[in-house]
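For reference, the structure discussed in these notes is given below.
Since this is a predicted model, take the numbers as computed values, not measurements. Side chains are part of it too, since the values below use all heavy atoms of this structure and drop only hydrogens, waters and symmetry mates.
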Amino acid sequence: MRLFTTIAALRCYLNLQKSAASHLQIGLVPTMGALHSGHLSLIQRARQENAIVLVSIFVNPLQFGPTEDFQDYPRNFEQDRLLCEQAGVDAIFAPSATEMFGNQGVDSLRDSFASRPETEKTAQKQIEIQLSSLTQVVPPPAMTSVLCGKSRPGHFQGVAAIVTKLLSLVQPTKAYFGQKDAQQLAIIRKLAVDFNLPVEIVACPIAREESGLAMSSRNQYLTTEQKQQACVLYRALQQASKTFASGDRTSAAALAIARAEVAGEPEVKLEYAELVDPDTLMPLQVVETAGLLAVAARVGSTRLIDNIILRNRRPIVAIDGPAGAGKSTVTRQSAKVLGLCYLDTGAMYRALTWLALKTNTPMSDECAIAELVSYSYLEYNLDPGSLSLKINGEDVTEAIRSLEVTSRVSEMAAISVVREFLVDEQRRCGIEGGIVAEGRDIGTNVFPDAEVKIFLTASVQERARRRLLQLKETDRANISLAQLEEDIALRDSKDSTRKIAPLRKAADAVEIQTDNLTVDEVIDRIVGLYQERIGPKS
């Protein structure tokens, strides 16, 4: 593991890594140090998805108000470095304030925090002075003036500034942030979209202690008794979630139950409880698709935040697995039995392949494909009994099954811009839920919050045997079982190591090994899992 404290050294390292491997996947985990299991879960996710994992450790003075805990914020760099090394991090970037902001900026910051102004008016003036020497990144006021922004003026401008600098320096493929800081996450996503930054912002679930308390570096400030008291925040969110699940989707109901629960713990002083849109942060009266229920409170002198996403959607079943495991057949039939829609992700790739062939757009010309895809739109009928697909208004349900399309679709699927476009399409199809989808990264990437995740697999030998039976009536009937086994093993290796959307089992997926099972038996298991987790089928 490398440690860099200067921008020049970091850039040198990244340039050398990129020159050694084209299309290098780089994962960035920005932190302020004092690492805990929540940070490590982000690092673990980044390690699974990228060739290079870089962790930044920088306590950003721009996001602390003059009366906040910048000077006292927990710092334990040696412990952080050890944890990163154990987690398989490739490099740490731990710059000084001077390195990040230059001498002029640091001088004004130092003056600001040394003076510790007494009045709020003076404090605000000092914040303006400390930012005045820097080019500012100003997120939409509607997103920064709500929730934590009400009591932390300037905080999210400081967050936006440092994240913009880090994304510019590292230029990662993906950057990982925890869902606990939901307002920060929404603002960073907005920043990335508005500035057209070529990075995927990955939200990772909140890591919690056994008591339910959301993990935070500031938990170090709490006594044992205060930690127990702070657990009321998660209980409040859970109680509100139960009310929501019972059918009352109104903000009034969720907030009333959450506030009442916190009020039962007198040592926890609630700052706010709000229900907002997870993306725009606008207040919600009723949750149509998803709502962010967020709380903030003080326990002693420590300020804590927590949240939960309330989803008003039908369940999603994500089925992943290697080629030849029978995913398509099982997924479509399972959707029929469960009364859900079937999202045929393979048909999406076929549709774009068909369009490229029709328009004589070479699949070797990724720029031309990017242009083509950007002007394309897909329309679906996801009823498993009467599936249909249109692209740019033309019905291609049957045309995409041609031999020509079949022979070229793998080329289309390997193009990164195509995958990005179709992942967005797949997520759009899942906004209201009620779907069963299959693929290679449905449960790990497309729908990481799917209610049911299944990894459908079979041995190489069994998949080769099945494939041989399928080929009996074709011009490849003379291929040997041994050759098929070799071909399938090679594809497994490529699929599991490919840079874009590698095949892997989600941590919370249930594996179904199908070697000795019929299709009906596999479907029965899937239906059983669904009913166990969700209840009676739709």
Side-chain angles (χ1 to χ4, degrees), residues 30-32 34 38-39 59-70 72-74 120 123-124 126-128 130-131 136-164 177-191 201 203-204 206-208 213-222 230 232-234 236-237 240 251 254-255 258-259 262 268-284 290-310:
T31 81
M32 293 204 301
H39 296 110
V59 183
N60 175 29
L62 290 182
Q63 64 194 66
F64 288 81
T67 60
E68 293 183 331
D69 59 341
F70 172 68
D72 299 325
Y73 192 84
E120 183 175 347
Q124 182 61 36
Q126 291 289 347
I127 290 173
E128 291 172 358
Q130 80 178 40
L131 289 174
Q136 297 180 43
V137 180
V138 184
M143 299 184 76
T144 61
S145 62
V146 297
L147 303 179
C148 292
K150 292 180 181 179
S151 62
R152 305 190 72 185
H155 169 74
F156 291 109
Q157 289 90 330
V159 169
I162 196 65
V163 170
T164 301
F177 297 87
Q179 177 63 39
K180 181 176 74 70
D181 298 298
Q183 185 173 9
Q184 170 182 280
L185 177 64
I187 289 170
I188 291 170
R189 279 178 164 163
K190 175 71 170 169
L191 181 154
I201 304 301
C204 297
I206 297 174
R208 299 185 181 277
L213 179 64
M215 289 186 177
S216 169
S217 299
R218 288 189 170 91
N219 288 355
Q220 297 180 35
Y221 299 151
L222 302 174
V232 72
L233 297 179
Y234 185 51
L237 296 174
S251 172
L255 295 179
R259 289 166 179 162
V262 177
V268 177
K269 307 302 181 184
L270 187 67
E271 181 180 303
Y272 69 74
E274 301 290 347
L275 184 61
V276 300
D277 183 282
D279 298 316
T280 67
L281 304 181
M282 296 297 291
L284 296 177
L292 171 69
L293 178 58
V295 296
R298 288 193 177 273
V299 184
S301 61
T302 304
R303 186 177 185 277
L304 301 175
I305 59 174
D306 203 347
N307 66 79
I308 192 171
I309 300 291
L310 302 177

Side chain to side chain contact (heavy atoms under 4.5 Å, CB included) between I187 and V163: does it pass, once the steps are laid out?
-> CA-CA 10 Å; I187 289 170; V163 170; over 6 Å; no
Quick one: are [X] and [Y] in side-chain contact, heavy atoms under 4.5 Å?
X    : Y    : answer
V262 : V295 : no
L62  : I162 : no
S217 : H39  : yes
I305 : Q183 : no
L284 : L292 : no
V146 : V276 : no
E271 : S151 : yes
P139 : Q157 : yes

Could you give the distance from [atom1] ([X]) to [atom2] ([Y]), rounded to the nearest 0.5 Å?
X    : Y    : atom1 : atom2 : result
H155 : E68  : NE2   : CD    : 7.5 Å
I309 : L237 : CD1   : CG    : 10.5 Å
Q136 : T164 : CD    : OG1   : 12.0 Å
L304 : Y221 : CG    : OH    : 11.0 Å

If I compare all heavy atoms of [X] with all of [Y], which pair ends up nearest, and what's the gap?
X    : Y    : value
A160 : V137 : CB-CG1, 3.8 Å
A254 : L310 : CB-CD1, 4.5 Å
F70  : V59  : CE1-O, 3.6 Å
A236 : A258 : CB-O, 3.5 Å
Y272 : L147 : CE2-C, 3.4 Å
L213 : A230 : CD1-CB, 3.7 Å

Is there a donor-acceptor pair closer than 3.5 Å between any side-chain N or O of R218 and the backbone N or O of R303?
->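 Judged by distance alone, no pair lies under 3.5 Å.
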For the side chain of N60 and the backbone of M32, is there at least one donor-acceptor N/O pair under 3.5 Å apart?
->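 Pair absent, no side-chain N/O of N60 close to backbone of M32.
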For Q220, enumerate each residue passing the side chain to side chain donor-acceptor pair (under 3.5 Å) test, keeping only those at least two apart in sequence or located in another chain.
->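 Scan of Q220 (side chain to side chain donor-acceptor pair (under 3.5 Å), adjacent residues dropped) gives none.
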For the pair Q179 and N307, evaluate side chain to side chain contact (heavy atoms under 4.5 Å, CB included) and give the outcome as yes or no after the intermediate values.
-> CA-CA 8 Å; Q179 177 63 39; N307 66 79; 3.4 Å; yes
Could you list the residues that satisfy side chain to side chain contact (heavy atoms under 4.5 Å, CB included) with A214, not counting sequence neighbours?
->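 Applying side chain to side chain contact (heavy atoms under 4.5 Å, CB included) to A214 gives K180, I206, R208, D306.
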